**Student:** 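This is the structure, below, for whatever I ask next.
Letters A, B, ... are given to chains in the order of the sequence lines, protein chains preceding strands, and every chain is numbered from 1. Computed from a predicted structure; not experimentally measured.
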Protein chains: 2
Amino acid sequence: MALEHAILVSLAEQAATGYDLARRFDASIGYFWRASHQQIYKTLARMEADGWVSATIEPREGTADKKTYAITDAGREELTRFSAEPSPREALRSDFAVKLRGLADVAAIVEDTRRRRADHVERLDRYEASAKRHYPDPAAIEEHERGAYLALRGGILSERTGIAWCDEILGQLETRSER
Amino acid sequence: MALEHAILVSLAEQAATGYDLARRFDASIGYFWRASHQQIYKTLARMEADGWVSATIEPREGTADKKTYAITDAGREELTRFSAEPSPREALRSDFAVKLRGLADVAAIVEDTRRRRADHVERLDRYEASAKRHYPDPAAIEEHERGAYLALRGGILSERTGIAWCDEILGQLETRSER
DNA sequence: AGTCGCATGTAAGTTGTTACATGATTAC
DNA sequence: GTAATCATGTAACAACTTACATGCGACT
């Protein structure tokens, strides 16, 4: 259950509303963890009950109050505790690999692989643009940003591998499906 | 919900009991999809109700009947339908990346990264041994095994990338944590 | 006598998804 | 006026995890 921890990491950098967090989960943090706003609101409520975050309430008329969440000392402690515990190996779950393994409809898989490749390219571009903008000189990275940089590097390496895999698949299947 | 489809792919190759499937999910298919035996039994029951699989029952005294499942025509149809539908991009969820991004405890992350690297190496070895055993000559792969081969290639590429990433992380963090 | 492999499940709880629902403010 | 952005949620459902539970047969 690392959504809580992803939120803590994000709030440790900067306090935010649930809405802000949802946007962050569509961008930076979202490179490694996806979450819907519904999930985020639910989790924030639990985290507040646990004392890991505290909310500053700005009352608004006619609609629900705006709540800005900040990490508490207990939250920071929990983050340290989480950081020190070994991470479980990710349960990998790939619809695509299952489909590929079955290989029931070559033309459909070729099409799917092309779509997948385009998606990898798009994300790689995004990551590389982000790397260029935030870390133009990898030798000059400051300690506080090293984690984010290394995480981004992971994203870049993994997208490149995704593209290479798609190319290998297409190389072997394309000629067969176009007859 | 592709557990059903992973099971269909597996049963299309060979009929099996829930127990057999659970073991396959610890090995071959398990490279791309993890599932516990509890989950598998539950899903098989639903799939039988949906008519995608049929069970041959071997009654046993004193304990639950043994059920061997086989894919039905409806199951094969569903597999084709699933195969033709575009696969959703995987929601990537990495505790490790979240932790890295937070970078709260460098020594702990270095340790975690080493463990992770060893795990990648072990899996890569397993995949490469499997590739060597089943596909000694990549040029001579038969059509019916091409999907499994390409899926395995994906596993190999991804483990190699995982190792490269760990090495990059260790290269940047190791010296810092050992002072 | 005890562990391992085979074989089947139930129950309770957590997490995540999808659909639904509301309302203010700002830009075109 | 209408669409986008900001902002917060509820409800129902589906999927997955963890703990518990049983029992046979073979081997040691």
**Student:** Atom CD of B:Gln39 and atom C1' of D:dA14: how far apart are they, to the nearest Å?
**Tutor:**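 Checked: the CD to C1' distance equals 10 Å.
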**Student:** Report yes or no: do B:Leu79 and B:Ile29 belong to one cluster of Ile/Leu/Val/Met/Phe/Trp/Tyr joined by side chain heavy-atom distances under 4.5 Å?
**Tutor:**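 Yes; tracing contacts between hydrophobic side chains, which count when under 4.5 Å, links both residues.
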**Student:** Measure NZ/B:Lys67 against P/C:dA7 and give the value in whole Å, please.
**Tutor:**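 Whole-Å distance recorded here is 14 Å.
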**Student:** Tell me: CG of B:Asp26 to P of C:dC6, nearest whole Å?
**Tutor:**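 After rounding, the reported distance stands at 12 Å.
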**Student:** With nearest nucleotides of DNA chain C determined for A:Trp33 and B:Asp20 from heavy-atom distances, which residue corresponds to the more 5′ nucleotide?
**Tutor:**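 Between the two, 5'-proximity favours B:Asp20.
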**Student:** Looking at B:Tyr41, does any N or O in its side chain come under 4.0 Å of the phosphate oxygens OP1/OP2 on C:dG9?
**Tutor:**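 Checking B:Tyr41 against C:dG9: no side-chain N or O falls below 4.0 Å of OP1 or OP2.
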**Student:** Salt bridge check, A:Glu142 against A:Arg146: does any charged N sit closer than 4.0 Å to a carboxylate O?
**Tutor:**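 Salt bridge absent between A:Arg146 and A:Glu142.
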**Student:** Would you call A:Glu13-A:Arg24 a salt bridge at under 4.0 Å N-O?
**Tutor:**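 So A:Glu13 does not pair with A:Arg24 through a salt bridge.
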**Student:** Quick check, are the ring centers of A:Trp52 and A:Tyr69 under 6.0 angstrom apart?
**Tutor:**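 Not close enough - the centres of the two rings lie 6.0 Å or further apart.
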**Student:** The side chain of B:Ala64 is closest to which nucleotide in this list: C:dT8, D:dG9, C:dT17?
**Tutor:**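 Minimum distance to the B:Ala64 side chain belongs to C:dT8.
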**Student:** In terms of side-chain heavy atoms of B:Tyr19, which of C:dG9, C:dG5, C:dG16 is nearest?
**Tutor:**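 Side chain of B:Tyr19 sits closest to C:dG5.
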**Student:** Whole angstrom is fine here: how far is it from CG in B:Leu21 over to C1' in C:dA7?
**Tutor:**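 So the CG-C1' distance, B:Leu21 to C:dA7, works out to 13 Å.
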**Student:** Can you tell me how far P of D:dT17 sits from CZ of B:Phe25, to the nearest Å?
**Tutor:**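 One finds 12 Å between P of D:dT17 and CZ of B:Phe25, rounded.
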**Student:** Under 30°, 30 to 60°, or over 60°: which ring-plane class applies to B:Phe82 and B:His5, parallel, tilted or perpendicular?
**Tutor:**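 Parallel.
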**Student:** So if I take every side-chain heavy atom of A:Arg46 and compare against D:dT8, C:dT15, C:dG9, which nucleotide ends up nearest?
**Tutor:**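 That would be C:dT15.
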**Student:** Closer than 4.0 Å, any side-chain N/O of A:Arg93 to the OP1 or OP2 of D:dC16?
**Tutor:**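 Yes, A:Arg93 has a side-chain N/O under 4.0 Å of OP1/OP2 on D:dC16.
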**Student:** Give a yes or no on whether a salt bridge exists between B:Arg76 and B:Asp73, defined as a side-chain N under 4.0 angstrom from a carboxylate O.
**Tutor:**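 Judged by the 4.0 Å cut-off on N to carboxylate O distance, B:Arg76 and B:Asp73 do form a salt bridge.
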**Student:** What is the distance from CZ of B:Arg24 to P of C:dA7, rounded to the nearest Å?
**Tutor:**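 Atom CZ in B:Arg24 sits about 12 Å away from atom P in C:dA7.
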**Student:** In plain terms, say whether A:Glu128 and A:Arg160 are close enough for a salt bridge, that is, a side-chain N and a carboxylate O under 4.0 Å apart.
**Tutor:**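 Salt bridge flag = yes for A:Arg160 with A:Glu128.
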**Student:** What string of B, S and - do you get for nucleotides 18-27 of chain D, 5' to 3', when a contact is any protein heavy atom under 4.0 Å?
**Tutor:** BBB--SS---
**Student:** Counting just side-chain N and O atoms, does B:Arg23 come under 4.0 Å of either OP1 or OP2 of C:dG5?
**Tutor:**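 For C:dG5, neither OP1 nor OP2 has a side-chain N or O of B:Arg23 closer than 4.0 Å.
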**Student:** Without decimals, in angstroms, what is the distance between A:Ile40 CD1 and C:dT15 P?
**Tutor:**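 Value for this atom pair: 15 Å.
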**Student:** Atom NE2 of B:His5 to atom P of D:dA14: distance rounded to whole Å?
**Tutor:**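 Roughly 15 Å, once rounded to whole Å.
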